[in-house]
Amino acid sequence: MSNKIDRNGAMASSYGQATVKMVNNLYARGVNRISLLMRHSAREYNPDIHDLLNPLTDEGRALCKEFGSALRNDIVIRGYASPPDRCVETCQIVVQNHVSEAGQSKSIRALEGLGVFYAIDQVKMWKGMKAAGGLSDYLAKWLAGDVPEDTMLAPYYAATTILRLLRGKLDAASGYPKQLDVCVSHDMSVLFVREFFGLESVDILPIEYLDGLALYREDGCLKLESHHGSVSEIHLPSYRSK
């Protein structure tokens, strides 16, 4: 996979390469099922339309093809995505370009739980993000409880909702010995989950295109791993416990 040029004209790392390596390495060491929360691929930044309507670029589509074809071929993929087109298309291209020895479905499903459901007033969220100076600073305010309660869900409920969705997919019976649930979302979701569950900090490492977090079970424990290498053991309450 070659190096890419980011939207500021700078040379960027090979988007998705570290995520693919993390997933393939987990299967190599004996993990059989993974739910992967990851950001969509490279997209347009047209200021004249609602940000969630900005589609993938041609480069972004090419990166998705490389991502799908680089995954191990002894796994079966199920695809899920946030409803915006760029997330759905990212997932579709990844799934369509993965070749599995066991066969697989080429269809995917859009899920509201992978979207920006935690923004209960998107207009106020975007305004707050601009006033805060950007995504990272706004996330820090949200995590600190320093945003209006009519703008965002409480961080605990947002984070555990996303992880319950991933855990539900992880534990759902499929009949395949090795399975990967590709769950395509947004940088805000991946950044927030990574920070909330004790992986890399929002203000230290950004979330680039196709960066991901893997949820899996190993040695009897539920674990969340970043493609940067950090791992947290997850103790997620049941739906009825809080």
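Quantities reported herein were computed from a predicted structural model and do not represent experimental measurements.
- For the pair Thr161 (side chain) and Tyr157 (backbone), a donor-acceptor distance under 3.5 Å is present.
- Although no hydrogens or angles enter the test, the distance criterion places no donor-acceptor pair under 3.5 Å between the side chain of Ser82 and the main chain of Ser185.
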Subject >> salt bridge (Lys or Arg N to Asp or Glu O under 4.0 Å) assessment of Lys223 paired with Glu233 >> reply: CA-CA 4 Å; Lys223 297 180 180 180; Glu233 189 171 316; over 6 Å; no
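- Ser189 and Tyr118 form a side-chain donor-acceptor contact under 3.5 Å, judged by distance and modelled atom types alone.
- Contact detail for Ser201 and Glu195: the closest heavy-atom pair is CA-OE1, 2.8 Å.
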Original post:
Hey, mind stepping through Lys124 and Asp150 against side chain to side chain contact (heavy atoms under 4.5 Å, CB included) and telling me if it holds?
Top reply: CA-CA 9 Å; Lys124 289 190 71 172; Asp150 64 343; 3.0 Å; yes
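- Here the closest non-hydrogen pair linking Met188 and Leu135 is CG-CD1, 3.7 Å.
- Here the straight-line distance linking atom CG of Leu71 with atom CG of Asn24 works out to 5.5 Å at 0.5 Å rounding.
- Using a 30° and 60° split on the angle between ring planes, His40 and Tyr209 fall in the tilted class, from 30° to 60°.
- Between Leu224 and Val193, the shortest heavy-atom contact is CD2-CG1, 4.0 Å.
- Considering all non-hydrogen atoms of both residues, Tyr15 and Glu59 come closest at CE1-OE2, 4.3 Å.
- How far CE of Met129 is from CG of Leu139: 6.5 Å, rounded to the nearest 0.5 Å.
- In this structure, the side chain of Asn97 engages the main chain of Ile93 through a donor-acceptor pair within 3.5 Å.
- Side-chain atoms of Trp142 come within 3.5 Å of backbone atoms of Leu153 as a donor-acceptor pair (strictly under, hydrogens ignored).
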**OP:** For the pair Lys178 and Val76, evaluate side chain to side chain contact (heavy atoms under 4.5 Å, CB included) and give the outcome as yes or no after the intermediate values.
**Re:** CA-CA 6 Å; Lys178 293 183 180 179; Val76 168; over 6 Å; no
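- Looking only at side-chain heavy atoms (C-beta outward), Leu170 and Leu222 come within less than 4.5 Å of each other.
- A salt bridge links Asp171 to Arg217: at least one charged side-chain nitrogen sits closer than 4.0 Å to a carboxylate oxygen.
- At least one side-chain heavy atom of Leu199 sits less than 4.5 Å from a side-chain heavy atom of Ser226.
- Under the 3.5 Å distance criterion, the side-chain polar atoms of Arg33 are matched with a main-chain donor or acceptor of Ala172.
- When side chains are defined from C-beta on, His186 does not count as touching Leu114, because their heavy atoms never get closer than 4.5 Å.
- Residues that satisfy the ring pair (Phe, Tyr, Trp, His ring centres under 6.0 Å) test with Tyr138, not counting sequence neighbours, are absent from this structure.
- Atoms CG and CD, on Leu56 and Gln92 in that order, are 10.0 Å from each other to the nearest 0.5 Å.
- Closest heavy-atom contact between Val116 and Gln122: CG2-NE2, 3.3 Å.
- Across all their heavy atoms, Val190 and Met38 have their closest contact at CG2-C, 3.9 Å.
- Of the possible polar contacts, none joining the Ser232 side chain to the Ile234 backbone as a donor-acceptor pair under 3.5 Å is found.
- The CG atom of Leu111 lies 11.5 Å from the SG atom of Cys87; values are rounded to the nearest 0.5 Å.
- Leu26 has its side chain within reach of Met22: a pair of non-hydrogen atoms, C-beta onward, lies under 4.5 Å apart.
- Residues Tyr27 and Asp74 fail the side-chain proximity criterion, which asks for heavy atoms closer than 4.5 Å.
- For the pair Arg194 (side chain) and Leu205 (backbone), a donor-acceptor distance under 3.5 Å is present.
- Without hydrogens or angle criteria, Thr57 side chain to Gly60 main chain gives a donor-acceptor distance under 3.5 Å.
- Taking 4.5 Å as the limit, some side-chain heavy atom of Leu165 sits within range of a side-chain heavy atom of Lys169.
- Side chain of Asp219 to backbone of Cys221: no donor-acceptor contact under 3.5 angstrom is found.
- Note that the CD1 atom of Ile34 and the CG atom of Leu166 stand 12.0 Å from one another [nearest 0.5 Å].
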Original post:
For Arg167 and Ser35, what are the C-alpha separation, side-chain angles and deciding distance, and is it a side chain to side chain contact (heavy atoms under 4.5 Å, CB included)?
Top reply: CA-CA 7 Å; Arg167 184 178 65 179; Ser35 284; over 6 Å; no
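- Within a 6.0 Å radius of NZ in Lys65, no more than 12 heavy atoms belonging to other residues, nucleotides or ligands are found.
- The shortest side-chain heavy-atom distance between Phe197 and Leu163 falls under the 4.5 Å cut-off.
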**OP:** For Glu225 and Ser230, run side chain to side chain contact (heavy atoms under 4.5 Å, CB included): C-alpha distance rounded to whole Å, both residues' side-chain angles, the deciding distance at 0.1 Å, then the answer.
**Re:** CA-CA 6 Å; Glu225 182 168 337; Ser230 297; over 6 Å; no
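- Under the 4.0 Å criterion applied to side-chain N and carboxylate O atoms, Arg78 and Asp181 are assigned as salt-bridge partners.
- Here Cys64 contributes atom SG and Gln96 contributes atom CD; the two are 10.5 Å apart, rounded to the nearest 0.5 Å.
- Here the side chain of Asp211 pairs a donor or acceptor atom with the backbone of Glu208 at under 3.5 angstrom.
- In this structure, the side chains of Leu215 and Leu37 stay at 4.5 Å or more apart for every pair of heavy atoms.
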